[in-house]
Chemist: 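Before I ask anything, here is the structure I am working with.
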Amino acid sequence: MDFLRPLTWAEALEMKAERPDATPIQGGTDVMVEINLDKGRPTALLDLAAVAELAEWTRDNGTVRLGAGVSYTRLIAELAGDLPGLAQASRTVGSPQIRNRGTVAGNLGAASPAGDSHPPLLATGAEVEAESVRGSRMIAITDFYRGVKRNALEPDELIRAVRIPVATGPQYFSKIGTRNAMVIAVSSFAIAFDGRRVGTGIGSAAPTPRRAPEAEAFLESALDWSGPLDADVARRFGELVRDAAAPIDDVRGTRDYRLHSLAVMARRTLTWAWEDHLRCA
Amino acid sequence: MRVTVTVNGEERIADDVWEGESLLYVLRERLGLPGAKNACEQGECGSCTVYLDGVPVCACLVAAGQAESRTVVTVEGLASDEGLHPVQQAFVECGAVQCGFCTPGLIVQTHALLAASEGVPSDLEIREALAGNLCRCTGYEKILDAVRQAAGRADG
Ligand SMILES: Cc1cc2nc3c(=O)[nH]c(=O)nc-3n(C[C@H](O)[C@H](O)[C@H](O)COP(=O)(O)OP(=O)(O)OC[C@H]3O[C@@H](n4cnc5c(N)ncnc54)[C@H](O)[C@@H]3O)c2cc1C
Ligand code: FES
Ligand code: FES
């Protein structure tokens, strides 16, 4: 195994171009588990932790550019106001020690259907900034997930940052698990209001994280945006979110439980978001 | 490969480190610091918690090469010549140690919690902070007692 240690972003891109087989490592909270448990040995590790540019975030024109090296702990401490949905999801990741190391970019690199950052990234319409020596491109989050633990990155590409719109309305994340900490989602859901647009994201209930476009369209037309939330609308929204999922039975939960819990989480998060909406309107 | 890292205030060099090796392995097997424990090697138990550049992390999930030129403090680095650190003393006095396997990780994580808290943290804050440290012996009550006692002490 080789250990590659770039000190700048330009160097990292050159190394990745030369060694497309190298496995990037940031927080290591996915990569090191695989190595420790001998689930496949990378031919080389490309350590991005020393690339200072990646550890920064900036806010520009209503968008946060979240560097690939920003930990969940920092995101929670520094960006909970701008990115409330993603911050809520980040608070549920692992434990303090895991959040001190783990990153959203690592979550995207791993592309697990159960990754907690995915539902809020989908609900807010985030973009992944991918770069290689050939240039930089923006990948819409809906195009990023390509299958169980597969993503749209080319072998020579690295994630430079994730671009997430600053919240303009209420956002909520909800996750089912067996305890409050250190839990991989049985199922999860995120909702985001942007003006009168509604965004959704479903986690751990299909081969990839996904939106529920029909549920979004239904809400946008059914909500009157002024009065109390119609219970039938909320219930129907839950059903449409559930119908957008395609879960399986596995060790963490059954297909039926995932479907049921998604309908409940969708209805509840909508209710919370609606309360905020009325309070702020 | 060679890894140079400052551990408990001293520059240490580890040679012949395998590229896929963890910081935990380097500390325990190459630098003779068995304080941080190896229980799960997958980030679940927290018994390997150490400070890396002042931030508590699971040493089993840090690649050795990622610690190059950085600063590590392990549980061995907390006591002084005068004796145990107040957090350690509180764990002993409150009966928060049974088999002791989880203790080093809990000590470091508690140390970090108290360093970041003003006054005595609430039980909820303590539980949140220690959610990544598993103990199979004590049932956690004595551990909570120890954290509260140490927090009181740190306040003077
Ligand atoms: C005990 C424990 C609990 C966990 N709990 C949760 C949880 O509750 N929710 C959750 O979602 N996840 C959880 N995880 C998984 C993990 O912490 C997350 O997926 C985290 O976001 C990974 O980030 P990282 O920086 O540590 O990634 P790494 O392990 O460094 O990398 C992960 C993947 O991303 C790739 N990668 C990293 N950076 C880049 C980059 N810049 N460009 C391209 N590819 C890159 C790597 O090659 C690898 O494939 C847990 C893990 C552990 C060990
Ligand atoms: S040995 Fe590192 S967390 Fe269990
Ligand atoms: S005292 Fe035995 S695991 Fe905690």
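Owing to the predicted nature of the structure, the values given are computational and were not obtained by experimental measurement. To find a chain, count down the sequence lines: A is the first, B the second, and so on, and within it residues start at 1.
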Chemist: Which bit of B:Ala129 comes within less than 4.5 Å of chain A, counting heavy atoms only: side chain, backbone, both or neither?
Modeler: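 Interface part for B:Ala129: backbone (N, CA, C, O).
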Chemist: Where do A:Glu34 and A:Thr23 land on the side chain to side chain contact (heavy atoms under 4.5 Å, CB included) test, with the steps shown first?
Modeler: CA-CA 12 Å; A:Glu34 303 251 307; A:Thr23 300; over 6 Å; no
Chemist: Would you call B:Asp123 and B:Arg148 a salt bridge, taking side-chain N to carboxylate O under 4.0 Å as the test?
Modeler: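 Looking at B:Asp123 and B:Arg148, the cut-off is met.
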Chemist: Is it the side chain or the backbone of A:Asp2 that comes within 4.5 Å of chain B heavy atoms, both, or neither?
Modeler: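 Answer is backbone: N, CA, C or O of A:Asp2 sit under 4.5 Å from chain B.
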Chemist: Taking the side chain as C-beta and beyond, is there a heavy-atom pair between B:Leu114 and B:Pro121 under 4.5 Å?
Modeler: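 Sidechains of B:Pro121 and B:Leu114: in contact.
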Chemist: Specify which of B:Arg127, B:Arg70, B:Glu44, B:Glu21 makes the most heavy-atom pairs with chain A at under 4.5 Å.
Modeler: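 Between B:Arg127, B:Arg70, B:Glu44, B:Glu21, the count favours B:Glu44.
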Chemist: Look at atom CZ of A:Arg74 and say whether more than 12 heavy atoms of other residues, nucleotides or ligands are closer to it than 6.0 Å.
Modeler: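 Yes, CZ of A:Arg74 has more than 12 neighbouring heavy atoms, counting only those of other groups under 6.0 Å.
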Chemist: Of the listed residues (A:Leu45, A:Leu37, A:Thr73), which shares the most heavy-atom pairs with chain B below a 4.5 Å separation?
Modeler: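 Counting heavy-atom pairs under 4.5 Å, the top option is A:Leu37.
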Chemist: Pick from B:Leu130, B:Val55, B:Leu52, B:Val62: which one has the most heavy-atom pairs with chain A under 4.5 Å?
Modeler: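 Winner by heavy-atom pair count: B:Val62.
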Chemist: List in chain and number order the residues that pass ring pair (Phe, Tyr, Trp, His ring centres under 6.0 Å) with A:Tyr145, two or more places apart in sequence or in another chain; answer none if no residue qualifies.
Modeler: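 Expected list: A:His118.
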Chemist: I'd like to know if A:Arg65 pairs up with A:Glu129 as an ion pair, taking the criterion as any Lys NZ or Arg NE/NH1/NH2 lying under 4.0 Å from an Asp or Glu carboxylate oxygen.
Modeler: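 Result for this pair is yes, salt bridge flagged.
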Chemist: Between B:Gln109 and B:Thr49, do the side chains contain an N or O donor and an N or O acceptor separated by less than 3.5 Å?
Modeler: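 There is no such pair between these side chains.
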Chemist: Could you give the side-chain donor-acceptor pairs of residues 180-191 of chain A under 3.5 Å, partners two or more places apart or in another chain?
Modeler:
{"residue": "A:Ser187", "atom": "OG", "partner": "A:Ser261", "partner atom": "OG", "Å": "2.8"}

Chemist: With sequence neighbours excluded, what pairs up with A:Lys16 under the side-chain hydrogen bond (donor to acceptor under 3.5 Å, both in side chains) test?
Modeler: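 Residues passing side-chain hydrogen bond (donor to acceptor under 3.5 Å, both in side chains) with A:Lys16: none at all.
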Chemist: Let me confirm one number: the CD1-CG distance from B:Ile126 to B:Asp145, rounded to the nearest 0.5 Å.
Modeler: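 Going from the CD1 atom of B:Ile126 to the CG atom of B:Asp145 covers 9.5 Å.
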Chemist: With a 4.5 Å cut-off on heavy-atom pairs, point out which of B:Cys60, B:Ser69, B:Gly46, B:Cys40 contacts chain A the most.
Modeler: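 Of the options given, most contacts go to B:Cys60.
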Chemist: Quick one: which residues of residues 103-111 of chain A reach chain B at under 4.5 angstrom, heavy atoms only?
Modeler: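 Under the 4.5 Å heavy-atom cut-off, nothing qualifies.
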Chemist: Could you tell me which portion of B:Leu23 (side chain, backbone, both or neither) has an atom closer than 4.5 angstrom to a non-hydrogen atom of chain A?
Modeler: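 Looking at B:Leu23, nothing touches chain A.
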Chemist: Counting heavy-atom pairs under 4.5 Å to chain B, which of A:Val33, A:Ile35, A:Asp47 comes out on top?
Modeler: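 If we count pairs closer than 4.5 Å to chain B, A:Asp47 comes out on top.
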Chemist: Among B:Glu41, B:Gln66, B:Met1, who wins on heavy-atom pairs under 4.5 Å with chain A?
Modeler: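 Of the candidates given, the most pairs with chain A belong to B:Gln66.
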Chemist: Could you tell me which of A:Ile25, A:Thr29, A:Val31, A:Asp30 has the largest number of non-hydrogen atom pairs under 4.5 Å with chain B?
Modeler: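 Among the listed options, the one with the most contacts to chain B is A:Ile25.
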Chemist: Hey, does A:Gln97 have a side-chain heavy atom less than 4.5 Å from the side chain of B:Asn133?
Modeler: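 B:Asn133 vs A:Gln97: side chains touch.
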